[in-house]
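Predicted model, so just to flag it, every value in this text is computed and none were measured. What you see below is based on every heavy atom in this structure, not just the backbone, and it leaves out hydrogens, waters and symmetry mates.
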Amino acid sequence: MKVLTLSIKREWFDKILAGEKDLEYREVTPKSGGKYINYILNGQIVPFNYDGEIKDEDTISIECRQYDAIKFLTGAYSGKRPWALVEVKSVEHQFLFDEDGKDVFVNSAVEYTGNGAQVRYVLSDEEDDYWLVQRMDYTLGKVLDKNLNPE
């Protein structure tokens with residue numbers, strides 16, 4: 001079984017366990033992207049942080065990394081933490097656009113609320129620090145296992 005491990009706030013962890021939250025959104029950043037997507041350059045997988053030459057005639061596509069389940073961890077970032085293993089029913093990669101349909105470039109943390117429609121970001125004047133806003137949408141299934149009181 002292929003498992004993606006993610007930390008999550010207790011509020012959302014509890015909603016997943018109660019069956020009230022069946023979607024998980026994650027931002028694809030230069031730091032996190034390698035665990036979410038693969039870039040395909042001319043039919044070959046290249047590293048997420050690929051910085052080689054790309055020619056005009058090259059074809060580039062994106063594929064979602066496939067996971068059978070997500071192991072959600074909550075609580076303090078040290079010691080044993082409560083966790084839940086949750087089935088992944090599907091995954092989708094999305095680029096986010098502004099209200100005019102234009103690409104959104106950011107250079108800070110992006111926060112999603114509600115149905116993933118609200119985005120908070122801070123822009124900078126450093127062009128090379130920007131990345132195109134991308135998001136992973138995981139549709140969650142049943143809770144496969146959990147340990148709420150790890151010893």
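The OH atom of Y138 sits 6.0 Å away from the OH atom of Y36 when rounded to the nearest 0.5 Å. Atom-to-atom distance recorded for T59:OG1 and L41:CG is 7.0 Å, nearest 0.5 angstrom. Rounded to the nearest 0.5 Å, atoms CG (N38) and CD (E63) are 4.5 Å apart. Summarising the geometry, atom OH belonging to Y67 is positioned 8.5 Å from atom CG belonging to L6; distances are rounded to the nearest 0.5 Å. Annotation: the span from I70 atom CD1 to K2 atom NZ amounts to 13.0 Å, rounded to 0.5 Å. In this structure, the separation between CD1 on I60 and CG on N42 is 8.0 Å, given to the nearest 0.5 Å.
Listed by first and then second residue, the side chain to side chain donor-acceptor pair (under 3.5 Å) pairs that reach into residues 85-95 are S90-T139, H93-Q134, Q94-R135, Q94-D137, sequence neighbours excluded.
Of all heavy-atom pairs spanning L85 and A69, the tightest one is CD1-CB, 3.7 Å. Pairing each heavy atom of I16 with each of V143, the nearest pair is O-CG2, 4.3 Å. Summarising the geometry of P150 relative to P82, their closest heavy-atom pair is CG-N, 3.7 Å, with the distance given to 0.1 Å. Contact detail for C64 and M136: the closest heavy-atom pair is SG-CE, 3.7 Å.
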(message) Between L4 and R65, does the side-chain contact (heavy atoms from CB on, under 4.5 Å) criterion hold? Intermediate values first, please.
(response) CA-CA 10 Å; L4 173 63; R65 288 196 170 201; over 6 Å; no

(message) For V88 and E24: C-alpha separation, side-chain torsions, deciding distance, then whether side-chain contact (heavy atoms from CB on, under 4.5 Å) applies.
(response) CA-CA 10 Å; V88 173; E24 177 64 20; over 6 Å; no

(request) For the pair E53 and D58, evaluate side-chain contact (heavy atoms from CB on, under 4.5 Å) and give the outcome as yes or no after the intermediate values. (result) CA-CA 10 Å; E53 182 181 357; D58 288 338; over 6 Å; no

(request) Could you walk me through whether L17 and F72 pass side-chain contact (heavy atoms from CB on, under 4.5 Å), step by step? (result) CA-CA 10 Å; L17 292 180; F72 289 105; over 6 Å; no

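Side chain of S32 to backbone of E27: a donor-acceptor contact under 3.5 angstrom is found. When atom types are taken as modelled, the side chain of N147 and the backbone of W83 share no donor-acceptor pair closer than 3.5 angstrom.
The side-chain heavy atoms of Y39 and I62, taken from C-beta on, include a pair separated by under 4.5 Å. Side chains of L144 and D68 form no contact here, defined as non-hydrogen atoms less than 4.5 Å apart.
Around the CD atom of E20, the shell of radius 6.0 Å holds more than 12 heavy atoms that belong to other residues, nucleotides or ligands. Residue K55 qualifies as open at atom NZ: its count of foreign heavy atoms under 6.0 Å is 12 or below.
The cluster map of Ile, Leu, Val, Met, Phe, Trp and Tyr, joined by side-chain heavy atoms under 4.5 Å apart, puts L73 and L148 in different clusters. Both W12 and V91 belong to a common hydrophobic cluster when Ile, Leu, Val, Met, Phe, Trp and Tyr are linked at side-chain heavy-atom distances under 4.5 angstrom.
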